[in-house]
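Order of the sequence lines sets the chain letters (A, B, ...), proteins ahead of strands, with each chain counted from 1. Atoms considered below: every heavy atom in the structure, side chains included; atoms not considered: hydrogens, waters and symmetry mates.
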Amino acid sequence: MTDNMDREPMLEMFIFETYQLIDQLEQALLSFEKGAGFEASINEIFRIMHTIKGSAAMMLFDNISTLAHSMEDLFFYLREERPENVEPSKIIDIVFEGVDFIKAETAKIESGLEPDGNSEQLKEKALEYLQHLKNSNPSSDNAKYEAKKEGTKESHENVEQKYYISSSKNTQKLMTNKYEAIIFFEDGCEMENIRAFSVVHDLESVAEIISYVPEDVMENSDSVQTIRDKGFKVVFKTDLGLDEVKDRLYHTVLLKDLQVFLTDDDLEGFEFIENKEIDVEQKEAQSNTEKKNIVLDDINEEQIKDFDKKSESGKASLENVKEQLKTVGKQSVISVNIAKLDLLMDLVGELVISGAMVTQNPDLKGLTLNNFSKAARQLNKITGELQDIVMSIRMVPLSMTFQKMNRIVRDMSKKLDKSVELEIIGEETEVDKNIIERITDPLIHLIRNSIDHGIERSDERLEKGKNPTGKLVLEARNAGGEVWIIVKDDGKGLNREKILERARVNGLIHKPEAELTDREIYSFIFLPGFSTKENVTEFSGRGVGMDIVTKNIEMVGGSVQIDSIPGEGTTFLIKFPLTLAIIDGMIIAVGCNKYTIPTIAILESFRVKNEAVIEDENGNEMIMVRGECYPVVRLHRRFGIDTEVTDFNEGIMIMLESEGKRRCIFADELLGEQQVVVKALPKYIKKVNAIAGCTLLGDGDISLILDIDDIIQ
Amino acid sequence: MKKVLVADDATFMRTSLRMMLERNGFEVVGEAENGLVAVNKYKEMNPDIVTMDITMPICDGIKAVQMIKEYDPNAKIIMISSMGQECFVKEAIISGAKGFIVKPFKEDYVIETLAKL
C-alpha cells in the first residue's frame with residue numbers, strides 16, 4: 001500500500017471484513033465437515049482465504065497473508081484435483097487453527113497492537129498436509145495441478161511447445177512492414193510474462209506475429225526474470241507505419257522503455273539493446289539459442305475438437321450464470337458505521353421529544369387550532385415512520401450469532417468427547433444490533449455450560465436410556481414486544497440440592513428455604529462467585545461467567561429464567577425488548593409526579609368503586625374483575641408520595657401483565673399516551689426498585705419509567 | 001472524468017481502489033461484490049472502465065468479462081489479480097480484458113494502468 005494512503009479507515013474496514021470473512025469461513029468449514037455440498041464449501045473456503053490473503057498483503061500483515069496463502073494453496077489443490085483419501089477432519093482442524101490465528105491477530109490489530117504472532121508453524125502444517133495429499137495421490141494429476149498453478153492451462157505433454165495463436169483475420173492480408181520491438185516493463189509491476197503475452201495478444205489484431213523472445217512466456221516462470229533483465233522482444237509484420245506501431249506500443253501499460261525499428265531479419269535480427277547500444281556478445285548468444293517459430297493456421301484437428309469442446313462448456317457455464325443473473329435481484333448494500341446509526345437513533349429520539357414539545361406545548365392549551373392539529377398529526381405520522389425506518393435499519397437477524405454457536409458446540413464436544421447435536425430454530429428473528437452484540441457472549445456461555453455440565457457422555461446417556469447424542473436447541477422467537485431466546489438441552493438437569501447447599505455456604509439465601517421456589521433456587525447460579533463444579537475445565541466452571549450472563553442481558557433490558565427437570569434437561573429463557581430506545585408509553589400521574597408505563601404491559605384501565613376492593617387478613621388489597629381476583633398496588637404507597645387521591649373512587653385502576661402474571665396498580669389519573677425515548681438513570685443513582693429508566697416528556701418534565709416486572713413480582 | 005466500476009468481493013479492496021481512483025481524478029460510479037452484479041451494473045451505468053477481481057463468488061471475474069464483452073465489445077476492463085493467477089489473467093485477456101493489476105498494488109501503477117486505456 002502506498003504511503004499516502006490513509007491507513008485508519010482502511011484498517012477499520014480490514015478488521016471488519018476479516019471478521020466477517022472468518023464468520024463465513026467457519027460456516028463453510030462446518031458444512032464442509034458435515035459433508036454437505038463438499039465442493040461448494042471447498043470453493044468458498046478457497047475464495048475466502050484468497051480474499052484474506054489479498055487484503056492482509058495490502059495492509060502489510062505478512063503473517064496473516066502467508067498463512068492464508070498456504071491455506072489457499074491447500075484448497076486450490078482440493079478444488080482442482082479432488083484427491084482421494086482426504087481426511088476432512090484433519091483439514092478442518094488445520095484450517096480452524098489457522099482461523100483462530102487470524103482471528104487472534106485481527107483482534108490484536110483491532111486493539112491497536114502489532115500483529116506479531118508467528119504463523120510459520122501453522123503454515124508448515126498446511127503445506128505439509130498438502131504435500132502428504134500430493135504424495136498419496138498419483139503424479140499425473142499433480143502434473144496437471146502444477147501446470148495450472150504455474151499458469152499454463154495446456155498440459156505439459158504438449159512436447160512440441162508450439163504456439164497456436166489463433167489465426168487472426170489479418171493474416172490473409174499482405175503485411176508489408178516488418179518490425180521488431182523491445183519492451184521493458186516498470187520495476188515491480190509483476191507478472192511481466194502475462195504483460196508480454198498481453199502485448200502479443202494486442203498486436204495480433206493488427207499484425208502477424210512472427211516470433212518473440214523469451215518464447216515460453218506462459219510455460220516458464222523463469223521467463224519473468226528474463227523479461228525483467230533483458231526485456232521482451234517481438235518481431236511482427238504489419239501494414240502500419242512506424243509511428244503508428246510506436247504509438248500503439250507506447251500504450252502498453254507500465255511501460256518503462258520501448259525500442260521499435262524496421263527490420264528485414266527474422267529472429268536473427270533480434271538484438272539485445274541496452275541504452276540503444278548493440279551488445280554484440282549477446283547478439284551472438286542469441287542467435288545460438290534455439291528459437292521456436294510461431295505456427296499460424298496450423299492447428300491440428302484434435303486441437304480444434306478440443307477447442308470446440310472447451311468453448312461449448314464455456315458457453316454452458318455462461319448460460320448458467322445468465323440464468324442466475326435473472327434470478328438475482330438488484331439489491332445494493334452498503335455498510336455503515338454503527339456509531340452513525342447510534343447517532344441517527346439518538347437524533348430521531350430527540351426529534352420525537354421535540355415533536356411532542358411542540359404539539360403538546362402548554363401554551364397551546366385551550367386554543368382551537370384546526371390547522372395546527374392537522375399539521376401536528378402529519379408531523380407525528382412522519383416522525384413515526386422515520387423512527388420505524390431507523391429501527392429497521394438497526395435490526396439484524398440473529399442468524400450470524402446463532403451460526404457461530406455451531407463452532408462452539410463442535411469444539412466443545414470434541415474436547416470433552418461428548419456427542420452433541422445443535423438444532424437452531426428461528427434464526428431469522430431480527431433484533432437490534434446493540435442487542436446482538438451483547439447477546440453473543442452470554443449465549444456462548446450458556447451453551448458451553450450446557451455441554452460441559454448438562455449433557456452427559458454418550459455411555460452415560462445410553463445407560464439412562466437416552467439418545468447417545470445429546471441435543472441442544474437454540475431458538476429465537478418474537479413474543480409481543482419482546483424477543484425470546486431459548487437455550488435448551490436434554491442433559492441431566494440442574495442439581496437442586498447442590499445449588500441450595502452451595503448457596504447456603506456462600507450465604508446467598510436471604511429468605512426461609514422452604515419458601516424458595518425451584519426457579520429461585522436455580523437462579524442462584526447467576527449470582528457472582530457461584531459454581532458447583534469442583535473440577536474446572538477449560539471451558540466453564542471457573543465461577544466467573546454465569547453472573548456475567550445476567551449482567552450482559554440486563555444491560556440490554558433483558559432477563560433470564562431457568563427451568564430444569566432432573567434427568568431431562570435444562571432450559572434457559574432469555575427475554576429482551578425488541579428495541580431499547582423508544583417505547584410507547586402511558587403517562588400517569590401520582591401526586592405531582594408523572595410516571596410512564598410501557599403501553600405493551602397495560603391490559604386495561606378502569607374506574608372502581610371502593611366496595612370492589614377487598615382486603616385479606618394481612619391487609620393486602622385485592623380486586624375482583626370478571627370473577628378473577630387480582631392484587632392491588634397503590635403506587636403512592638409504593639413510592640411514598642403524598643397525594644390527595646387515596647380513595648379508589650377518585651383515581652384510576654390499571655391492569656398490568658408481565659410473564660403471565662397480572663396485577664392492578666392504582667394511580668391518580670391517566671395523562672395520555674406518548675412515545676417516549678428511554679434514557680438510563682444517571683450512574684450516580686443506584687438501581688432503584690421498580691424503576692426501569694427515565695424519559696423527557698413533551699412539556700419538558702421528567703418522567704420515571706416503571707419496571708413492570710419488578711412491580712408484579 | 002472517467003467513470004469506473006469497481007468489482008471485487010472484498011469491501012476492503014473496493015474501498016482501497018475507490019480511494020486511490022478518486023484521489024486521482026476518476027469517478028467511481030459503482031461497486032460490485034460479484035461478477036453478476038458487475039455485469040448488471042455495467043449495463044445500468046455504462047462506465048468507461050471496469051476493474052474486475054478474478055476470484056469472486058457466484059460468478060468469477062473471467063465469466064463477467066465474457067458477459068460484459070458480449071454486451072459491449074468495446075468495454076474496457078482491467079483485471080485485478082493476485083500473484084499465482086497467471087493463467088486466469090491470460091484467459092481474461094483472451095476474453096477481452098485490456099490489462100491487469102497485480103495485488104498488492106501500488107497506487108501509481110494502478111493509475112497508469114487505467115489512464116492508458
Practice problem: Please look at A:F16 and chain B and tell me whether the side chain, the backbone, both or neither of the residue comes under 4.5 angstrom of a heavy atom of that chain. | Solution: neither

Quiz item: Is a side-chain donor or acceptor of A:H50 paired with a backbone partner of B:T55 at a separation under 3.5 angstrom?
Solution: no

Quiz item: Of the listed residues (B:A32, B:A64, B:S82, B:G99), which shares the most heavy-atom pairs with chain A below a 4.5 Å separation?
Solution: B:S82

Quiz item: Checking heavy atoms, do the side chain of B:I94, its backbone, both or neither come under 4.5 Å from chain A?
Solution: both

Quiz item: Is any side-chain N of the basic residue among A:R47 and B:D60 closer than 4.0 Å to the acidic one's carboxylate O?
Solution: no

Practice problem: State whether the side chain of B:K90 and the backbone N or O of A:I194 hold a donor-acceptor pair below 3.5 Å, judged by distance alone. | Solution: no

Practice problem: Go through the atoms of A:S198 and report whether side chain, backbone, both or neither lie under 4.5 Å from a heavy atom of chain B. | Solution: both

Self-check item: Heavy-atom contact with chain B under 4.5 Å, split by part of A:E17
Solution: side chain

Quiz item: Quick one: salt bridge (Lys or Arg N to Asp or Glu O under 4.0 Å) partners of B:E22, sequence neighbours excluded?
Solution: B:R18

Practice problem: For A:N63 and A:E105, test the side chains for any donor-to-acceptor distance below 3.5 angstrom and give the result as yes or no. | Solution: yes

